[in-house]
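Okay, so here's the structure we're looking at.
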Amino acid sequence: MKLILYFGHTGTTEKAANLLANELNDVMVFNGVEKNKIDFSNYDTIIFGVNIHMGKLNKKFLKFYKKLKKKEISSKLACFVIAADEHQKTRYMNLAKEVLPEESYIGFFGGEFDPTRAKGLNRAVIKSCINQFMEQGLPLPSLNLVAIKDFAEHM
């Protein structure tokens, strides 16, 4: 059985986790930020969904993973990264590679600008980015459905 634990701020990571779950068999999806009592020994694969915030991996994921490492789990680990800046794909994937074991599979699913669940300054920044893209006639970033399918096939 597979477990997807997602860590995000505005809903895009959750959306990607659910899209990935639809591509996989025998999978459970949980919000990694919520206090869930999870028996990790029930899962042969743990997939982390992690958003990039201010150029860094989600802090709550880093804190969670630090505690998880101490449990010496035997599950295979994988991670997908969510970020709207496709040009930084390699850098963002390398951030995940630095944290997870070397044999972990890392994917990049892209991202999107969705201010509906963002708060405060984050909401203002997202709206500003949307406006800038629209003013320049650029397409808004979106989740890469092909990358999600490819990731699922690898699992």
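Values reported hereafter were calculated over all heavy atoms of this structure, with side chains retained and with hydrogens, waters and symmetry mates removed.
In this structure, Leu24 is not a member of the same hydrophobic cluster as Tyr43, with clusters built from ILVMFWY side-chain heavy atoms closer than 4.5 Å. Side-chain heavy atoms closer than 4.5 Å link hydrophobic residues (I, L, V, M, F, W, Y) into clusters, and following such links, even through other members, never connects Met54 to Ile52. Taking hydrophobic clusters as Ile, Leu, Val, Met, Phe, Trp and Tyr residues chained together by side-chain heavy-atom distances below 4.5 Å, Tyr65 does not share a cluster with Ile4. Both Val33 and Phe64 are part of a single hydrophobic cluster, where members link through side-chain heavy atoms under 4.5 Å apart. Both Ile46 and Val81 sit in one connected hydrophobic cluster of ILVMFWY residues. Membership requires side-chain heavy atoms under 4.5 Å apart, directly or through other members.
Remark: Ser41 OG to Lys71 NZ distance equals 10.5 Å, nearest 0.5 Å. Rounding to the nearest 0.5 Å places CG of Asn144 at 6.5 Å from CD of Glu86.
The environment of Lys2 atom NZ is dense: over 12 non-hydrogen atoms of other residues, nucleotides or ligands sit within 6.0 angstrom. Counting non-hydrogen atoms of other residues, nucleotides and ligands closer than 6.0 Å to CE of Met1 gives a total above 12.
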*Give the C-alpha distance, both sets of side-chain angles, the deciding distance and a yes or no for side-chain contact (heavy atoms from CB on, under 4.5 Å) between Glu112 and Leu143.*
CA-CA 6 Å; Glu112 56 189 23; Leu143 289 173; 4.3 Å; yes
*Could you check Thr10 against Asn122 for side-chain contact (heavy atoms from CB on, under 4.5 Å), going step by step and ending with a plain yes or no?*
CA-CA 9 Å; Thr10 62; Asn122 285 340; 5.5 Å; no
Quiz: residues 92-111 side-chain donor-acceptor pairs under 3.5 angstrom, not counting sequence neighbours:
| unit_1 | atom_1 | unit_2 | atom_2 | d |
| --- | --- | --- | --- | --- |
| Asn94 | ND2 | Thr90 | O | 3.3 |
| Ser104 | OG | Pro101 | O | 2.9 |

Which donor-acceptor pairs under 3.5 Å do the side chains of residues 145-155 make with protein atoms, sequence neighbours left out?
| unit_1 | atom_1 | unit_2 | atom_2 | d |
| --- | --- | --- | --- | --- |
| Lys149 | NZ | Glu23 | OE2 | 3.2 |

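When side chains are defined from C-beta on, Lys127 counts as touching Arg123, because their heavy atoms get closer than 4.5 Å. When side chains are defined from C-beta on, Val29 does not count as touching Leu20, because their heavy atoms never get closer than 4.5 Å. Considering only heavy atoms from C-beta on, Phe7 stays 4.5 Å or farther from Leu57 through its side chain. The side-chain heavy atoms of Ile126 and Asp114, taken from C-beta on, include no pair separated by under 4.5 Å. A heavy-atom distance below 4.5 Å is found between the side chains of Pro115 and Ile130. Residues Met28 and Asn42 have side chains not in contact (no heavy-atom distance under 4.5 Å, counting atoms from C-beta outward). Side chains of Val27 and Leu3 form no contact here, defined as non-hydrogen atoms less than 4.5 Å apart. Val50 has its side chain out of reach of Thr13: every pair of non-hydrogen atoms, C-beta onward, lies at least 4.5 Å apart.
Counting only N and O atoms by type, the side chains of Asn51 and His9 include a donor and acceptor under 3.5 Å apart.
A salt bridge does not link Glu34 with Lys60: none of the charged nitrogens is closer than 4.0 Å to a carboxylate oxygen.
Outside the 6.0 Å centre-distance limit, the rings of Tyr6 and Phe48 are not counted as a close aromatic pair.
For residues 122-145, every residue pair satisfying the ring-ring contact (aromatic ring centres under 6.0 Å, His included) rule, not counting sequence neighbours, is listed here: Phe113-Phe133.
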